[in-house]
Protein chains: 2
Amino acid sequence: MRYRRGIEARERILNATRSLIADVGLEGTTIKAICSRAEVLPGSFYNLFDSKEQAILTVVREAIDAVDPDPGHTGPDELTDLIDAYLRFVTEQEDLARVYIAIAVSGGRNRTELKNRVLRHHEKRVERFAAAVSRLRPEMEADEARQRAETLVTSLNGMTLHYVLDTDFDLAVHARSLAAETVGA
Amino acid sequence: MRYRRGIEARERILNATRSLIADVGLEGTTIKAICSRAEVLPGSFYNLFDSKEQAILTVVREAIDAVDPDPGHTGPDELTDLIDAYLRFVTEQEDLARVYIAIAVSGGRNRTELKNRVLRHHEKRVERFAAAVSRLRPEMEADEARQRAETLVTSLNGMTLHYVLDTDFDLAVHARSLAAETVGA
DNA sequence: CTAGACATTGAGTGACCACTCAAATTACGA
DNA sequence: TCGTAATTTGAGTGGTCACTCAATGTCTAG
């Protein structure tokens, strides 16, 4: 059980962790910085979390879940819906998008836990895109659809990577143009 | 002036730095790790470099330069040559490719020096690709060619990012397919 | 109101970080 | 072979890291 006070502190810590990863990346996200932003002392942090890693993983899970719209949904998607949902995610939840990119790279280096999570998520995403591509182009072979879906997903990641470095980059224009050219969406 | 011994130590340090960034990323690249791999003691390191940052920057410059084939060349390129050269760079100099991706993300966070370097290089790369696209499709507007070139470059980065996480990913197939679909190369 | 669970405080722990330096050793032109 | 400059040695510096803990303060069910 937790008292109201602890629940609020926990929320502040997660917000601080999320914005820190977005602002300065995983390496700059220290206990001291988290506590300072959350207005909490280290002792309180460790009363609420077992480790720094646990707080980070909570935020990362949140980011990965947020990439996929309509979670739990199993039916078919339109490709344009998938792309628009992703664009909405990146622009409306920029912090989470930065978290997603940060862990997609530096997170997936050594830490097996994060790396597996990233790769598993990538697989699911490609499959969802592949189904949408097949729906849009029924005449296309399944293998070909899957390959184009993977091209799309990795390319979207690359564009997002550039977007977080240069927010003048028009992600939406490039993403839609890419979808139009590769699968006629 | 440097003695032979110092020149060799410097070379070992740069090799160690390069492979460390490739293996464990920027955050895992410590003086201790560099010295251990280079078989050098910290005092020797600081006899040859002003700081850890200097050694890293030297390697990063090397990586950025290696992305562009035929440096100093100013004439027109074929788009397929540019793509093939990039694929050769990624597969034949995987360490440098990993360095390039590592700094494209985590490097471009806080450190203004690295970030500016990355963005400047991106601009030049896009321009070179745009020229190649215009050459391939003379009827295309310059703006459109540039936009497609930028789509291409950011997408290639995204694919490379995925490739360094999952070396089973067939970078060449996806890259060539992307080029074929977006500009008919 | 009170008891006991929960939360905060903040100094302290050992480990590791980038980096230094004086003394000893090695290289190499003259 | 000698003088001096380059290099190596390795213990040591101050700082920051993630994390701990006993004491104190706060909450809330009954």
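- When distances run from any side-chain atom of R2(B) to the nucleotides dT7(D), dC17(C), dT20(D), the shortest one goes to dT7(D).
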| message | Before you tell me yes or no, could you show the steps for N15(A) and R18(A) under side-chain hydrogen bond (donor to acceptor under 3.5 Å, both in side chains), namely the whole-Å CA-CA distance, both residues' side-chain angles and the distance that decides it to 0.1 Å? | response | CA-CA 5 Å; N15(A) 289 339; R18(A) 188 184 314 113; 3.0 Å; yes
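- With respect to the salt-bridge test (charged N to carboxylate O, under 4.0 angstrom), the residues E127(A) and R146(A) qualify.
- A salt bridge is absent between R137(A) and E144(A): the closest approach of a Lys/Arg side-chain nitrogen to an acidic carboxylate oxygen does not fall below 4.0 angstrom.
- Note on ring orientation: taking the six-membered ring where Trp is involved, the planes of Y100(B) and F89(B) are perpendicular (angle over 60°, cut-offs 30° and 60°).
- Atom CG of L41(A) and atom C1' of dG25(D) are 13 Å apart (whole Å).
- Separating the OH atom of Y3(B) from the C1' atom of dT25(C) is a distance of 12 Å, rounded to the nearest angstrom.
- Comparing R12(A) and S44(B) by the nucleotide of DNA chain C whose heavy atom lies nearest to each, the residue mapping closer to the 5' end is R12(A).
- Separating the NZ atom of K32(A) from the P atom of dC17(C) is a distance of 18 Å, rounded to the nearest angstrom.
- With DNA chain D read from its 5' end, the first of the two nearest nucleotides for P42(B) and G6(B) is the one closest to G6(B).
- In this structure, the CZ atom of F45(A) is 19 Å from the P atom of dC6(C), given to the nearest Å.
- To the nearest angstrom, P of dC17(D) lies 11 Å from OH of Y46(A).
- A straight line from CZ of R5(B) to C1' of dG29(C) spans 18 Å, rounded to a whole angstrom.
- The side-chain contact (heavy atoms from CB on, under 4.5 Å) test with T17(A) singles out one residue from T58(A), V59(A), L57(A), and that residue is V59(A).
- Taking only side-chain atoms of R4(B), from C-beta outward, the nucleotide of dA27(C), dT8(C), dC27(D) with the closest atom is dA27(C).
- Relative to the side chain of N47(B), the nucleotides dG4(C), dT8(D), dC17(C) differ in distance, and dT8(D) lies closest.
- Which of dA18(C), dA6(D), dA18(D) sits closest to the side chain of K52(B) comes down to dA18(C).
- D50(A) has its CG atom 13 Å from the C1' atom of dA18(D), to the nearest Å.
- Among dA18(C), dC27(D), dT8(C), the nucleotide with an atom closest to any side-chain atom of A9(A) is dT8(C).
- Remark: P of dC17(D) and CD of E53(A) are 16 Å apart, rounded to the nearest angstrom.
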